[in-house]
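Labels below follow one simple rule: chain letters A, B, ... track the order of the sequence lines, proteins then strands, and each chain is numbered from 1. Side chains are part of it too, since the values below use all heavy atoms of this structure and drop only hydrogens, waters and symmetry mates. Since we're looking at a predicted model, the values are computed, not measured.
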Amino acid sequence: QSFGQLAMTKESKALIGLYHGQVHCKKNKFGTPQREVKTLAVLGAGLMGAGIAQVSVDKGLKTILKDTAQQGLDRGQQQVFKGLNGKVKKKSLTSFERDSILSNLTSQLDYKGFEKADMVIEAVFEDINIKHKVLKEVEAVIPAHCIFASNTSALPISQIAAVSKRPEKVIGMHYFSPVDKMQLLEIITTDKTSQDTAASAVAVGLKQGKVVIVVKDGPGFYTTRCLGPMLAEVVRVLQEGIDPKKVDAISTAFGFPVGAATLIDATHVAEDLGKAFGERFGGGSIELFKLMVEKGFLGRKAGKGFYVYQEGVKNRSVNSGMDEILARFKVPAKPEVCTDEDIQMRLVTRFVNEAAMCLQEGILSNPVEGDIGAVFGLGFPPCLGG
Amino acid sequence: MTSILTHAVRNLPASSAWAARVFARSLSCSSQLQAAAVQPKSKKTLAKSGVKNIVVVEGVRIPFLQSGTSYADLMPHDLARAALQGLLNRTSVPRDVVDYIVYGTVIQEVKTSNVAREAALGAGFSDKTPAHTVTMACISSNQAMTTGVGMIAAGQCDVVVAGGVELMSDVPIRHSRKMRKTMLTLNRAKTLGQKLSLISKIRPDYFAPELPAVAEFSTSETMGHSADRLAAAFAVSRLEQDEYALRSHTLAKKAQDGGLLLDVVPFKVPGRETVTKDNGIRPSSVEQMGKLKPAFVKPYGTVTAANSSFLTDGASAILLMSEEKALAMGYKPKAYLRDFVYVSQDPKDQLLLGPTYATPKVLEKAGLTMADIDVFEFHEAFAGQILANLKAMDSDWFAQNYMGRKSKVGAPPLEKFNNWGGSLSLGHPFGATGCRLVITAAHRLKKEGGQYGLVAACAAGGQ
């Protein structure tokens with residue numbers, strides 16, 4: 001009887017809807033690509049690059065991982081090894097299988113072998129000049145059919161493609177960290193990207209085990225664009241004097257798997273978005289972030305953000321260095337919007353409004369992809385269906 | 001064993017034009033030295049009519065490291081796999097083209113008795129490619145190569161990967177025989193009473209572990225001890241040995257700094273750094289070396305830690321093909337493997353004299369003399385061993401009384417000998433050294449413009 005009751009709840013409908021959405025997003029609506037991607041090259045052995053390499057090699061895709069420094073390359077290789085070794089420890093892989101999978105990965109500092117690459121995914125620093133430089137270097141060595149994909153989270157793909165000789169082969173493939181656990185892949189097409197390129201990108205994403213949504217080019221695309229205003233609101237709430245741990249508790253109570261303050265620490269916010277959308281992104285002050293960056297509180301990557309992150313320690317303590325910054329930017333709270341539910345609504349509505357705008361402007365092609373993108377990429381509460 | 005290599009480039013145009021001599025291929029079962037014949041400047045070809053030309057396309061090795069350093073947490077098949085991956089990367093040879101893989105190793109890891117197979121599967125070779133492992137003490141990879149040569153010559157295969165590996169950082173340390181017997185019997189014991197009675201027989205001495213020794217089984221003599229006796233028999237002094245060791249380290253350092261050690265591929269050790277260089281090369285000075293106490297025969301021996309090869313971890317891999325296959329695939333071979341010979345002698349008193357016995361045999365087979373050879377690469381187990389061999393080769397008395405020959409074969413001139421260092425300085429992972437010798441000889445022939453190279457090594461068991 002209880003089962004019957006549960007089956008009729010809104011949450012159940014929401015989750016079933018998500019399941020259908022996932023199935024929908026696992027189909028390649030661009031058809032079969034002309035050529036199968038057999039050799040993949042990943043530029044940049046950082047957190048994202050190594051993660052992309054990991055989900056590629058364990059599906060049998062031969063991957064070349066390239067970086068500019070031996071240290072960076074070593075770190076990336078170690079990350080892939082650790083990822084696979086974790087599975088060995090849990091006994092879902094044998095150590096032999098781990099080594100066989102790793103033999104699909106070639107790590108190098110030069111462009112050897114790129115003439116055989118079918119697709120290159122760049123995951124270098126989020127700096128348009130570096131991306132332009134890399135694109136030009138790579139186009140000189142790759143074959144004509146090779147696709148160039150960028151893992152950028154916010155730089156417009158058309159801007160990156162501006163220096164390309166073959167803009168129809170340039171596409172965005174935005175993965176989410178940690179790449180081996182987050183199922184979403186957001187593919188971004190410009191109006192110059194060819195159908196076949198999109199088909200290939202979706203095919204590779206599906207091969208890597210991802211749930212794929214395809215969106216149009218625009219500042220922040222879809223996911224970053226929706227996250228931005230929400231995080232800006234989080235900052236404002238913090239400035240109003242609410243403790244980061246409380247903010248986290250409130251957002252997890254609403255259904256987010258990861259608390260909002262922790263989420264800020266885990267992502268990076270692009271200033272450009274603020275410029276593009278102006279007031280809609282207002283709320284928290286940009287200066288707060290600038291000061292955090294200056295002090296080195298870059299977030300999880302640097303070990304300190306709103307919280308202090310230590311290896312092996314699960315309960316994070318609030319970064320006391322933040323108290324001073326927050327005190328400086330203290331803003332009086334408006335009492336009528338200060339209850340817990342109010343704060344929850346404030347955060348969520350910023351997100352939802354932006355998502356609606358994306359659908360309206362044609363960035364998103366349908367609401368299903370919007371739901372899937374929000375839930376699987378950004379951690380929007382699944383019980384609400386996205 | 002000694003093997004003769006011909007520098008490929010010089011011979012390519014010549015081989016079809018010149019009539020080849022017909023040689024009887026004598027493959028003696030005892031392996032001792034393999035001599036490969038290399039041709040001298042007369043541009044004579046060593047090709048034999050009716051026998052395929054077999055070429056070395058490429059050879060690589062991972063850096064050889066002192067035991068207990070960066071490779072210490074790995075297993076032998078990890079090292080072998082890294083060498084194979086290095087070879088695949090270097091040559092871009094498609095994996096399904098390789099017909100067979102043979103590896104040589106000495107101290108076997110008990111869990112992976114066919115290290116060739118484990119390494120091949122791990123490196124991504126097709127599971128349809130057969131692989132087997134050979135052992136012949138220090139010439140295990142030489143044996144792997146000649147096995148490959150045999151298969152190609154017999155027409156069974158066209159492309160063979162041969163190699164060698166050794167991991168001295170982790171050796172199988174066994175329970176004593178008594179303990180093993182107790183454990184195995186316990187397995188079979190059915191009742192609790194039987195089990196208890198077995199356990200009650202365990203005494204403290206059951207717990208003493210058995211370590212594998214670098215020694216001759218038949219004589220219970222360690223290699224170093226035998227080398228010391230050999231040096232004494234040939235009146236090789238401590239000073240001569242130290243000087244030779246210094247030469248080896250100095251030349252190795254020069255070659256390493258000069259970028260001549262092209263066969264080394266970098267290896268990213270999981271959990272540690274990427275290893276790019278051999279770490280055993282340590283030139284010091286004769287005075288420093290003179291301070292060391294003898295390691296094997298105390299107190300008056302002459303063999304010390306400085307003038308012996310050290311315990312090393314490493315792996316090598318070499319790609320062998322028939323000449324037509326190599327050319328058809330667009331490769332430029334590095335050398336021809338022309339001839340080889342194995343010899344055996346008494347493991348007690350002639351343990352390390354293999355090179356001396358084999359060299360004249362293979363030269364005769366190939367119709368060459370010592371003067372014809374441009375490049376010599378001999379395995380340096382101990383400085384004393386090398387010097388004793390050189391003295392023996394240079395001695396008419398030895399030739400007449402021990403080898404049954406009329407006159408001496410002559411010692412190789414030092415200026416052509418191990419010019420880029422040797423096992424003393426680069427390291428001696430037992431199973432892997434043979435491939436290193438062959439590919440170094442091939443590279444040296446190219447660099448120095450020679451035509452024939454001779455590779456030789458001694459091995460345990462008197463081979």
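Within the 4.5 angstrom heavy-atom criterion, atoms from both the backbone and the side chain of A/Q78 approach chain B. If you measure heavy-atom distances from B/R81 to chain A, the contacts under 4.5 Å come from the side chain alone.
Listed for the B/S141 side chain is a donor-acceptor partner under 3.5 Å among the backbone atoms of B/G434. A donor-acceptor contact shorter than 3.5 Å links the side chain of A/K210 to the backbone of A/M182.
Aromatic rings of B/H132 and B/Y100 (six-membered ring for Trp) have centroids within the 6.0 Å cut-off, being under it.
Most heavy-atom pairs under 4.5 Å with chain A, from the set B/L121, B/L84, B/D78: that is B/L121. Note: B/G271 leads B/G124, B/A82, B/G271 in heavy-atom pairs under 4.5 Å with chain A.
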*Can you list the steps and then say if A/Q79 with A/R75 is a side chain to side chain donor-acceptor pair (under 3.5 Å)?*
CA-CA 6 Å; A/Q79 184 187 319; A/R75 192 219 68 83; 2.7 Å; yes
